[in-house]
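These numbers come from a predicted model, not from an experiment. These values consider heavy atoms only, across backbone and side chains, with no hydrogens, waters or symmetry-generated copies.
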Amino acid sequence: MTAKVAYESVEVGTELPAQSFPVSRATLVQYAGASGDFNPIHWNEKFAREVGLPDVIAHGMFTMAEAIRVVTDWVGDPGAVVEYGVRFTKPVVVPNDDKGALIEVSAKVAALLGDKQVRVDLTAMSEGKKVLGMSRAVVQLG
């Protein structure tokens, strides 16, 4: 593991660089192919509406994966993420237009742990709504 962030250089409240991740219908089809999750709520607008959704929604695991990129980009090594968990609170609605959706993610160091580990709390938003709750990662720093 080669974390580029030194434990000694961070403190509680250190903010990680925020990022925004665009999501289009094409993105969802690509993710479905890679993950094997072809649930029609992720690509069929008619079906999504029939089951009570406002439109096609992004895969929860896709949303979770996009959010942790803020941490892995900051630390410089995806293998430095020791634990990661979220609660899915709202779906990311992906309209069939030229814009799609946007997942906006911010994060900050919430706790300094032993053994050069920190807990990072993430906030993931789409259309002004929090789409992940209790989004936390434990990260091994250098």
Going hydrophobic residue to hydrophobic residue with side-chain gaps under 4.5 angstrom, can you get from [X] over to [Y]?
X: Val10; Y: Val81; result: yes
X: Ile57; Y: Phe62; result: no
X: Val109; Y: Tyr7; result: yes
X: Phe88; Y: Ile103; result: yes
X: Ile68; Y: Met61; result: yes

Is the shortest heavy-atom distance from the side chain of [X] to the side chain of [Y] under 4.5 Å?
X: Val118; Y: Leu113; result: no
X: Thr27; Y: Val29; result: no
X: Val120; Y: Leu16; result: yes
X: Phe21; Y: Leu102; result: no

Practice item. Evaluate the side-chain contact (heavy atoms from CB on, under 4.5 Å) criterion for residues Val82 and Val139: first the C-alpha distance (whole Å), next the side-chain angles of each, then the deciding distance (0.1 Å), finally the verdict. Key: CA-CA 6 Å; Val82 177; Val139 183; over 6 Å; no
How many angstroms lie between [atom1] in [X] and [atom2] in [Y], if you round to the nearest 0.5 Å?
X: Gln140; Y: Gln117; atom1: CD; atom2: CD; value: 4.5 Å
X: Ser35; Y: Gln30; atom1: OG; atom2: CD; value: 11.5 Å
X: Thr14; Y: Trp74; atom1: OG1; atom2: CH2; value: 7.0 Å
X: Leu122; Y: Leu132; atom1: CG; atom2: CG; value: 8.5 Å
X: Arg69; Y: Gln19; atom1: CZ; atom2: CD; value: 6.5 Å
X: Met125; Y: Ser106; atom1: CE; atom2: OG; value: 8.5 Å

So which atom in [X] and which in [Y] form the shortest heavy-atom distance, rounded to 0.1 Å?
X: Ala107; Y: Val70; answer: CB-CG1, 4.0 Å
X: Val93; Y: Pro54; answer: CG2-CG, 3.6 Å
X: Arg136; Y: Asp121; answer: CG-OD1, 3.3 Å
X: Ala3; Y: Gly142; answer: CB-N, 3.8 Å
X: Gly33; Y: Phe38; answer: CA-CZ, 3.7 Å
X: Gly79; Y: Asp77; answer: N-OD1, 2.9 Å

**Study point:** Side-chain ion pair, Arg119 and Glu83, N-O less than 4.0 Å
**Key:**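 Here Arg119 does not pair with Glu83 in a salt bridge, since their nearest N and O are not under 4.0 Å apart.
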Check your understanding: Below 4.0 angstrom, N of the basic side chain to O of the carboxylate: do Lys46 and Asp55 qualify?
Key ->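 The answer is no: the pair does not qualify as a salt bridge.
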Exercise for review: Can you establish whether the number of heavy atoms outside Asp115 located under 6.0 Å from its atom CG is more than 12?
Suggested key: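 At most 12 heavy atoms, drawn from other residues, nucleotides or ligands, come within 6.0 Å of this atom.
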Under 3.5 Å, side chain of [X] to main-chain N/O of [Y], donor-acceptor pair present?
X: Asp73; Y: Val75; answer: no
X: Ser135; Y: Val86; answer: no
X: Thr89; Y: Lys130; answer: yes

Point to revise | Residues Asn96, Glu45; criterion side chain to side chain donor-acceptor pair (under 3.5 Å); working and verdict | key: CA-CA 9 Å; Asn96 191 18; Glu45 185 174 326; 4.8 Å; no
Check your understanding: Where does the angle between the aromatic ring planes of His59 and His42 fall among parallel (under 30°), tilted (30 to 60°) and perpendicular (over 60°)?
Key ->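 Ring orientation of His59 relative to His42: parallel.
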